[in-house]
Structure formats: structure tokens, C-alpha cells
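In what follows, every heavy atom counts, from backbone to side chain, and hydrogens, waters and symmetry copies are set aside. In what follows, chains carry the letters A, B, and so on, assigned in the order in which the sequence lines appear, proteins first and then strands, with residues in each chain numbered from 1.
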Number of protein chains: 2
Amino acid sequence: MPSSTVENYLKAILHLQGEGRGSTTVGEISRELEVTPGTVTIMMRHLKARGLVAYEPRRGLSLKPRGVTEAMKVVRRHRLIEAFLVEVMGLDWSEVHEEAEILEHVISDRLLDRINEMLGEPTHDPHGDPIPDRNGVLAKDRAMPLLDAAAGRYRVVRVSDEDSALLEWLNEKGVRIGEEFEVSDPDRAAGVLELSRRGGKRVQLGLQVAGQVFVEAVA
Amino acid sequence: MPSSTVENYLKAILHLQGEGRGSTTVGEISRELEVTPGTVTIMMRHLKARGLVAYEPRRGLSLKPRGVTEAMKVVRRHRLIEAFLVEVMGLDWSEVHEEAEILEHVISDRLLDRINEMLGEPTHDPHGDPIPDRNGVLAKDRAMPLLDAAAGRYRVVRVSDEDSALLEWLNEKGVRIGEEFEVSDPDRAAGVLELSRRGGKRVQLGLQVAGQVFVEAVA
DNA sequence: ATCGATTGTTTGAGTCGTCAAGATAAGTTC
DNA sequence: GAACTTATCTTGACGACTCAAACAATCGAT
């Protein structure tokens, strides 16, 4: 079984390679995990020896199928735990990411199954991230960053789970998963974008923030 | 903060010194934790340097007050987690010890508080072991081993949580915390002792087993 | 196509927890 | 009290993970 450390590397690689080019680099991983590049190099040799990543020195790297499978298991645990902490334990969605970062490495299969049942085999976590199924298969969503949305009507489907201050703020403003808003064209000069709810309440977001909120057009 | 390993040593010492003489030895710890005596010696030096144990080479050792406090925190976490797993998650009392052995080292204070609230600040875990309060104070019970009980009427108040086969068996036979039974004099020759419930069902236990079940006389 | 910046690799070292095996001290038994 | 047994301690080593710092390759731009 992979150690917690190995699990964290796999998760980081999955995350980084999953944004475009399909591969990542030592430097990116080192920044993501806040370890020195030398440490990453050594770990990559190790992961290569275990058949989890494809790695050629100085050429970048990517997960091999077995690495993807392992990483998906961790992601599944993470997201089920987040859902559990919100739904059953009543924690706030801004608190659960950190907790899940720890528990994802130690929870037993038995307990995870129990959680899955209690929640009715959920497909998404509290931030709208899809939960991989038992085989590591992930439902795709068609979400786009709010930042890229033309003016129109949209539903919030996903929010980045890593910045808890952002999550608290969104919660306070009533920007939650599933809510629908009328979106204005971004005012690039002001660096601001406006959401308005059917009721009327308006919310202004910085474009930075708008990049972390993902939406789907409403028909 | 103590590492998981240190927590396990403290818990083991608390457990071992808590049975009589108030102190324990390197050998006992080494057997309890299944590590070699040399490993224990090194850890004892370490714990002594941290002010957690009183240790003089070859003279045995015991927890200092700070060590007791730390150990009690771990015991509290362990027992609250066990209670949670049974009450909320619906696991069987025979399954929860192992799970709690792992989770006790990683659960956050926030989550532990939440568990404590959800359960209504319980005083005992599912095996009848008392849960230390926030200050590490433990309610005493007057339980005696069933083995030492004279014939009479008794209530089961506590069962050793470490042997899951025993727990399953007891559960199957209806021997649960809080149940009352008429206890026969032990038949030392046969190595057996009999419980009978008001209804009439009888249960035979080996004396070995009877040493792990703790009871209180009923008035 | 060479310079400088960026990125990645290597090397040497440290921490934590562990074991194996040999040395020593403390009982026990005759 | 000598011999044997058991408990404890010491030493040297290892595996996992990490860093710091020296070194090497690559890339981009002039």
C-alpha cells in the first residue's frame, strides 16, 4: 500500500496534469507540495520504480494507469469524507478540506463504505467536485469558470475547495452550489463582475475570485 | 505535539502501570507494542528527556503527571471515537477498537468536539469503559471481573475491547452492557461458569472469558 | 551560437522509528 | 557463591522522508 506521502504526490500529479497538457514537472510538484525540487526528483525515481509514473529526467512526467487508479482512490476518499463532514457532522464547507486532507490517508474501506451508504452514494462533494466511483471513474461536468462566462443566466456547479476564506465569503453572500444567478459582463477595467439573484440581491466579485467559481448555463 | 508513536507508548504505559504496582517495565512495553526491548529503551530515554516519564535504567518506569495527561487525551479520543462509530456509524462493537486505534492519532479537536456533542457528552464507550473528561479525569467504576463474583445477581458494566472474536460471541449470546444475569458459582473443575437471564436462557462461559467481563452486583 | 536565467539533479546530511545482535546486569537455583 | 537464565542496554544499521547547497542541463533572446 502507498504511504500517505506517496498518496499526496500522486494526488498532486493528478491535479497538475489534469489541467491541460496531460503532464507536469518537478517544479510544479515542488511548489504544490511545498518541498524542495531535489526531494521531488528522488520521489519521482521511487514512483517510477513502482510503476506509478512515467518519468524521464528533465522531460516532465505523468501518471501511468496504475498511478491514476491510486490517485483516484485518494480523491474518492477525500471527497466522500468532505461530504460526510458536511452532511452528517454538520461542519461548514469551508472547514472540511483540511480535515479530509488528513483523514483520506487513514480511513478504512469499511468506514468509507459506511459513509458512502449513509450518504446514498453521492456523486458530488459539497464544493461540487465529482466523486470518482469505486473504479475510479469520474463524471465529467461541463462547467466553465465564471470568469469566462458571457452575460446570461447561470447555475453555480463547483467552487475551488482550497481557499477557506473564499468559501466562507461565498457562503455569507449566498453563493452556493446549485444557486442560479444573472451574470453581468465582466468589467475588466474595474476587475469586477456582478451576480444578481432573481430576488434582487447583487454580489460583486473580483475577477480573481470569479476564476474559482464554476458555472453552467441555464436553458 | 507528540507523534502517533509517542502517543502509543504513553497509552501502553498508562495501561500497564494502571494494573496494580503503578509502574511498569521495558519488557512489558516491548511485549505490549510488539517491538524489541532495545527500541523501548531508546524511546524511554526520549520520553524522559521530554519530561513525560520517570525512568531510571533497569529500575522500571512510570508516567509523570504530564505523561498521564497526554495519555488520557489519547484514551479520551479513542473512546469517543468508538462510541461514535457504534452510535452514529452503526458499526458493531467488535469492529471499532481497531478503527479507533488509527483515528485516535489524527482526529482534530474540532471534529472530536463535534462527536462529543452529537453523542451528548457520553461518559462510557460501547464496551463500558469510562471516557475521561476534558481534563483527563476518569470516572471510577466498582466493577469486578465476573470470574471473582460469588453466586448472585449482577449487571454487566464493562467488557475488554481488544478481542473482537469475544465481542462477537458475547453479542450473539446477548451478553451486552447493562444486561442483568443470575450468576452461578464457578465450576473450577469444569472451568466453566453459568449466567442465566430472567427469561431463562443460559449461557456458559469459560473462566478465561469470565475474566474479561466485568460486573457490578445488583441490589 | 553564446550568455544568463530557469529548471532540474546530485550529494551529503539529519530525523524518526525500527531491528539485530552482542554486552552487561540482575535474579534464581543448586 | 558459581552457573545459568532472563531482562535490559548498547551499538550499528536501515528505510522513509526531508533539506541545503553545489552542480548540470535546457531554453530564450539577443
Side-chain angles (χ1 to χ4, degrees), chain A residues 1-13 15-17 19-63 67 70-71 74 101-102 104-106, chain B residues 1-13 15-17 19-63 67 70-71 74 101-102 104-106:
Chain A
M1 306 291 88
S3 66
S4 310
T5 310
V6 166
E7 288 184 345
N8 280 333
Y9 277 91
L10 295 175
K11 206 172 48 142
I13 299 168
H15 176 223
L16 292 167
Q17 75 174 20
E19 300 175 340
R21 43 197 177 337
S23 69
T24 184
T25 65
V26 166
E28 286 185 326
I29 298 170
S30 121
R31 283 185 296 276
E32 172 96 357
L33 298 180
E34 300 182 280
V35 296
T36 60
T39 301
V40 176
T41 296
I42 289 178
M43 184 54 89
M44 290 312 110
R45 283 212 285 261
H46 182 200
L47 296 182
K48 179 181 181 180
R50 306 212 350 201
L52 298 168
V53 306
Y55 165 60
E56 289 308 320
R58 301 202 131 85
R59 285 213 189 322
L61 55 104
S62 60
L63 291 176
E70 287 302 325
V74 184
E101 283 292 301
I102 296 168
E104 67 187 7
H105 304 297
V106 300
Chain B
M1 304 293 88
S3 65
S4 310
T5 310
V6 166
E7 288 186 344
N8 280 334
Y9 276 93
L10 294 175
K11 207 172 45 141
I13 298 169
H15 177 224
L16 293 167
Q17 76 175 19
E19 299 175 340
R21 39 192 182 338
S23 68
T24 183
T25 64
V26 166
E28 285 185 327
I29 298 170
S30 117
R31 282 185 296 277
E32 172 95 357
L33 297 181
E34 300 182 282
V35 296
T36 59
T39 301
V40 176
T41 297
I42 290 180
M43 183 55 87
M44 289 312 111
R45 285 211 283 259
H46 182 202
L47 295 182
K48 179 182 181 179
R50 307 212 348 201
L52 298 168
V53 305
Y55 166 59
E56 290 307 322
R58 300 203 135 86
R59 287 218 187 319
L61 56 105
S62 59
L63 292 177
E70 288 302 325
V74 183
E101 282 292 302
I102 297 168
E104 66 187 7
H105 304 298
V106 299

So which protein nitrogen or oxygen atoms get under 3.5 Å of nucleotides 6-8 of chain D's nitrogens or oxygens?
unit_1 : atom_1 : unit_2  : atom_2 : d
D:dT8  : OP2    : B:Gly27 : N      : 2.8
D:dT8  : O2     : B:Arg58 : NH2    : 2.7

Mind calculating the distance between [atom1] ([X]) and [atom2] ([N]) to the nearest angstrom?
| X | N | atom1 | atom2 | result |
| --- | --- | --- | --- | --- |
| A:Arg50 | D:dG15 | CZ | P | 15 Å |
| A:Leu10 | D:dC17 | CG | P | 11 Å |
| A:Ile29 | C:dT7 | CD1 | P | 14 Å |
| B:Arg45 | D:dT10 | CZ | C1' | 8 Å |

Quick check: closest heavy atoms across [X] and [Y], and the distance to 0.1 Å?
| X | Y | result |
| --- | --- | --- |
| A:Leu16 | A:Arg21 | O-NH1, 4.0 Å |
| B:Leu10 | B:Ala71 | O-CB, 3.8 Å |
| A:Thr5 | A:Met43 | CG2-CE, 3.8 Å |
| B:Pro2 | B:Glu70 | CG-OE1, 3.6 Å |
| A:Thr25 | A:Leu61 | C-CD2, 4.4 Å |

Q) Should the pair A:Glu32-A:Lys11 be classified as a salt bridge under the 4.0 Å nitrogen-to-oxygen rule? A)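 Result for this pair is no, no salt bridge flagged.
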Q. Atom CD1 of A:Ile42 and atom OG1 of A:Thr36: how far apart are they, to the nearest 0.5 Å?
A.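 It comes to 8.0 Å.
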Q: Using a 4.0 Å heavy-atom cut-off, write out nucleotides 14-21 of chain C from 5' to 3' as B (base contacted by protein), S (sugar-phosphate only) or - (no contact).
A: ---SSB--
Q. Is there any salt bridge (charged side-chain N to carboxylate O under 4.0 Å, His left out) pair reaching into residues 35-56 of chain A, and which pairs are they, with sequence neighbours excluded?
A.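 For residues 35-56 of chain A, and leaving out neighbouring residues, the salt bridge (charged side-chain N to carboxylate O under 4.0 Å, His left out) pairs sorted by first residue read A:Lys48-A:Glu56.
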